[in-house]
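Heads up, the thing below is written out as structure tokens.
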Number of protein chains: 2
Amino acid sequence: MAKAAGVSPTTVSQAFNGRRTVSRQTLERVHDVAERIGYRPNAVARGLRESRMNVIALVLRPLDTLESFLPEGVDFFMRFAGSAALSAMEHGYSLMLVSDPTKPGAPVSSLAADVCIVTDPFENDPVLTLLKNQHIPALTVGVDPARPGVVPSIDSNTRAETFEVLDHLESAGGTTVGLALGTDRNAWNLTAKRAYVEWCGARGREPIIYENPETRGEAAGERIAAEAFDRVDRVERRPDAIYCLTGRHASGLVAAARSRGIRVPEDLLVAAGSDALQNRTGRPTVTAMDLRPEETARRAVELAVQLFEGSDAELPTSAPGGILRVRESTSRDPVRSASRRRGPSSD
Amino acid sequence: MAKAAGVSPTTVSQAFNGRRTVSRQTLERVHDVAERIGYRPNAVARGLRESRMNVIALVLRPLDTLESFLPEGVDFFMRFAGSAALSAMEHGYSLMLVSDPTKPGAPVSSLAADVCIVTDPFENDPVLTLLKNQHIPALTVGVDPARPGVVPSIDSNTRAETFEVLDHLESAGGTTVGLALGTDRNAWNLTAKRAYVEWCGARGREPIIYENPETRGEAAGERIAAEAFDRVDRVERRPDAIYCLTGRHASGLVAAARSRGIRVPEDLLVAAGSDALQNRTGRPTVTAMDLRPEETARRAVELAVQLFEGSDAELPTSAPGGILRVRESTSRDPVRSASRRRGPSSD
DNA sequence: CTGAAAGCGCTTACAG
DNA sequence: CTGAAAGCGCTTACAG
């Protein structure tokens with residue numbers, strides 16, 4: 001390129017980066033030639049020299065457990081990733097989807113990013129340790145439960161949201177409220193469980209907890225139903241409301257309950273701690289906490305950019321508050337129940 | 001690192017890449033030291049030297065029109081991207097989501113990838129031209145309709161799939177079958193339209209076509225319904241079946257029809273050319289062509305890797321055949337209709 | 001205003 | 001088996 005325009009590499013670089021003064025003439029010539037021969041500065045060479053690639057890495061930790069990017073009925077992560085990609089671009093970055101970079105075969109490119117967003121880290125998450133060792137700035141969405149302050153984070157509002165859902169189930173008519181959740185040791189599971197136990201304690205009730213590995217997916221709904229309704233020895237502890245932390249547990253549970261002749265919401269109230277499309281459109285529609293993944297992702301990307309570029313604006317460091325979407329699965333009043341037979345909810 | 005282990009950079013490099021012979025002793029020492037100080041070869045430097053970053057870029061062209069990564073009710077792209085990310089990792093690559101790299105503000109990192117997958121390119125797509133100029137190998141999912149052979153591609157089976165849906169609508173009882181589609185000039189829209197016109201011609205029928213810009217989203221359903229059912233001057237051309245190419249058009253149309261008292265499927269049959277979650281779970285469920293984005297993405301990634309690495313295995317160069325998921329919106333027989341009032345379809 | 005030199009951290013011939 | 005040298009394509013002091 002330099003020789004094509006008859007100038008030095010220095011001048012080409014300056015023409016493209018506009019640092020020093022380059023004469024109008026030279027500037028034009030360089031740009032004309034660049035246009036003509038389709039020259040663009042090599043991003044990798046620039047990256048090496050400048051120690052910046054303009055790439056944000058995203059590690060969706062729960063998916064490393066699931067060993068799938070496509071868990072049926074989980075749209076949280078795809079909504080999060082999509083929004084993060086868009087936000088990154090608006091800040092002049094690309095978004096790179098990265099799987100567990102501590103795994104032996106992980107592509108080296110996993111560590112070529114300027115900054116890394118890790119969602120829902122596990123206790124003492126090795127990914128955070130690795131990033132720290134490599135001096136790659138990192139932030140988490142939801143804290144590492146074993147070391148909450150180890151890196152900056154967008155904090156979730158799990159405690160408050162858990163209370164809100166449980167209170168809602170109670171006011172919708174639930175008297176014996178169970179909790180179904182996963183076994184990953186991340187802040188979401190651990191905080192929700194603690195909040196639930198606390199909530200039960202305040203009411204003098206014994207907690208009823210159903211735990212299923214995340215890998216079990218919708219099938220967990222069947223397990224929950226079996227444990228809750230099939231065991232004769234537990235007939236007194238039969239819940240009339242179950243808070244499923246994940247949308248897929250909720251969907252699975254609704255199906256499993258129905259197959260037992262248990263009606264939702266008449267006999268059993270069901271709510272989910274994360275909203276998914278099938279909760280909005282299924283039958284019945286399922287009340288769910290909309291965690292607003294798009295806005296959360298936007299905040300995470302902004303914090304990532306700030307972390308890397310070192311600006312000092314005041315940014316939110318907590319996720320937006322969840323919004324409880326009340327739907328048929330917790331609505332026993334006749335009006336709503338009747339509407340179930342007619343059209344889609346206006347939700 | 002080299003000095004920490006008391007060897008030359010050459011030896012470190014060889015120890016990590018295992019090319020030449022390095023004595024067992026030296027090898028062990030290098031790895032021990034690397035472990036201790038957390039050394040990993042710099043991916044960017046290696047990338048510059050080797051002209052390979054192990055990164056696959058993905059440009060989802062339709063999203064550049066929509067100006068959103070998150071069109072409500074389009075899960076095709078997220079399923080595609082998720083599967084592509086996973087496949088890329090299995091081949092030792094990371095997946096980078098890139099928006100239109102021809103746009104002025106595009107991050108330079110957009111062009112740092114080894115190879116680029118472009119889905120649904122437009123006619124004479126400038127992205128393909130740019131990639132060609134930059135000598136970045138590219139492939140498309142669905143051809144550039146103006147220059148089908150310009151780069152390798154995973155070809156869609158749009159023509160056959162269009163016939164299959166139209167035949168299905170006919171056998172389900174449709175006598176006047178309309179087509180609703182978008183205005184993006186990509187192979188999907190253009191091929192479907194051509195196939196539809198041909199199908200009508202073979203039956204001596206006049207085509208009935210509803211075109212709406214992709215940006216209009218679900219609202220397009222209302223426009224389609226207005227055009228089809230509100231205009232008195234067209235009462236003879238009123239369709240009793242409409243094939244909506246996109247899942248969101250179908251959803252919007254079902255809602256718009258219902259709000260006019262037109263029952264689906266009794267008065268109007270509706271099918272979609274791309275399956276989305278709300279088609280599976282809405283009321284009524286909507287018959288749709290499952291384009292199998294996960295498998296398509298997998299093939300695209302494999303072709304991308306081959307293109308970049310130059311292996312010569314025989315790979316499929318067409319998308320997997322779509323599978324028609326027949327649901328309530330095209331099922332008039334009493335059994336199925338009755339089941340609508342009870343439980344979720346077993347689909 | 002412009003260019004020659006140095007160097008970002010690697011890898012690969014090449015020489016020993 | 002090991003290391004010194006060159007070079008991937010840039011950018012940034014520095015000198016003119």
Side-chain angles (χ1 to χ4, degrees), chain A residues 1-34 37-55 92 94 106-114 133-136 308-309, chain B residues 1-34 37-55 92 94 106-114 133-136 308-309:
Chain A
M1 166 64 200
K3 67 185 64 168
V7 295
S8 73
T10 308
T11 303
V12 174
S13 175
Q14 287 176 168
F16 269 87
N17 297 294
R19 303 256 182 251
R20 300 256 175 132
T21 43
V22 180
S23 73
R24 271 183 56 79
Q25 263 194 15
T26 317
L27 195 73
E28 270 170 26
R29 181 146 44 90
V30 170
H31 279 132
D32 284 357
V33 174
I37 67 175
Y39 169 83
R40 299 220 174 186
N42 178 307
V44 181
R46 177 189 290 202
L48 176 60
R49 178 60 224 234
E50 301 277 86
S51 302
R52 68 139 63 202
M53 285 298 288
N54 284 282
V55 169
S94 297
V108 283
S109 46
S110 313
L111 295 174
D114 300 320
N133 284 343
Q134 300 306 121
H135 305 104
I136 298 171
F308 177 63
E309 297 183 352
Chain B
M1 167 64 200
K3 68 184 63 166
V7 295
S8 72
T10 307
T11 304
V12 175
S13 175
Q14 287 175 169
F16 270 87
N17 297 293
R19 304 254 180 252
R20 299 254 176 134
T21 42
V22 181
S23 74
R24 270 184 57 81
Q25 263 194 14
T26 317
L27 195 73
E28 269 170 28
R29 182 145 44 89
V30 171
H31 279 133
D32 284 356
V33 175
I37 67 176
Y39 169 84
R40 300 219 175 187
N42 179 306
V44 182
R46 176 188 291 202
L48 175 61
R49 178 60 225 233
E50 300 279 85
S51 303
R52 68 141 60 202
M53 286 295 291
N54 284 282
V55 170
S94 297
V108 283
S109 45
S110 312
L111 295 173
D114 300 322
N133 284 343
Q134 300 308 119
H135 305 105
I136 298 171
F308 177 63
E309 298 183 351

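By convention in this document, chain letters (A, B, ...) are assigned in the order of the sequence lines, proteins followed by strands, and residues within each chain are numbered from 1.
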Quickly work out the [X] [atom1] to [N] [atom2] distance and round it to whole Å.
X      : N       : atom1 : atom2 : result
R29(B) : dC1(D)  : CZ    : P     : 15 Å
F16(B) : dT11(C) : CZ    : P     : 9 Å
L48(B) : dG9(D)  : CG    : C1'   : 6 Å
Q14(A) : dA15(D) : CD    : C1'   : 13 Å
R52(B) : dG9(D)  : CZ    : P     : 17 Å
N42(B) : dG7(C)  : CG    : C1'   : 14 Å
E50(B) : dG7(D)  : CD    : C1'   : 12 Å
R40(B) : dC10(C) : CZ    : C1'   : 16 Å

dA4(D) pairs with which nucleotide, Watson-Crick or G-U wobble, both distances below 3.5 Å?
none

Under a 3.5 Å limit for both distances, which nucleotide forms a Watson-Crick or G-U wobble pair with dA13(D), could you say?
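The answer is none; no pair meets the criterion.
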
Below the 4.0 Å mark, does [N] have OP1 or OP2 next to a side-chain nitrogen or oxygen of [X]?
X      : N       : result
S13(A) : dC10(D) : no
R49(A) : dG7(C)  : no
T10(A) : dG3(C)  : no
T11(A) : dG3(C)  : yes
R46(B) : dG9(C)  : no
N17(A) : dT11(D) : yes

Show the nearest heavy-atom pair for residues V12(B) and V30(B), with the distance to one decimal.
CA-CG1, 4.4 Å

Return yes if a side-chain donor-acceptor contact under 3.5 Å exists between T11(A) and S8(A), otherwise no.
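A donor-acceptor contact under 3.5 Å links the two side chains.
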
Contact class for T26(A) (heavy atom, under 4.0 Å): base, sugar-phosphate, or nothing?
sugar-phosphate

For R24(A), which contact category applies under a 4.0 Å heavy-atom criterion: base, sugar-phosphate, or nothing?
nothing

Of P41(A) and V7(B), whose nearest nucleotide on DNA chain D comes first from the 5' end?
V7(B)

Assert: residue with more 5' nearest nucleotide on DNA chain D, out of Y39(A) and S23(B), is S23(B)

Within a strict 4.5 Å, meaning less than it, do heavy atoms of the Q14(A) and T26(A) side chains meet?
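Side chain of Q14(A) against side chain of T26(A), heavy atoms only: no contact under 4.5 Å found.
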
What residues form a ring-ring contact (aromatic ring centres under 6.0 Å, His included) with Y39(B), not counting sequence neighbours?
F16(B)

Between R46(B) and N17(B), does the side chain to side chain contact (heavy atoms under 4.5 Å, CB included) criterion hold? Intermediate values first, please.
CA-CA 11 Å; R46(B) 176 188 291 202; N17(B) 297 293; 3.6 Å; yes

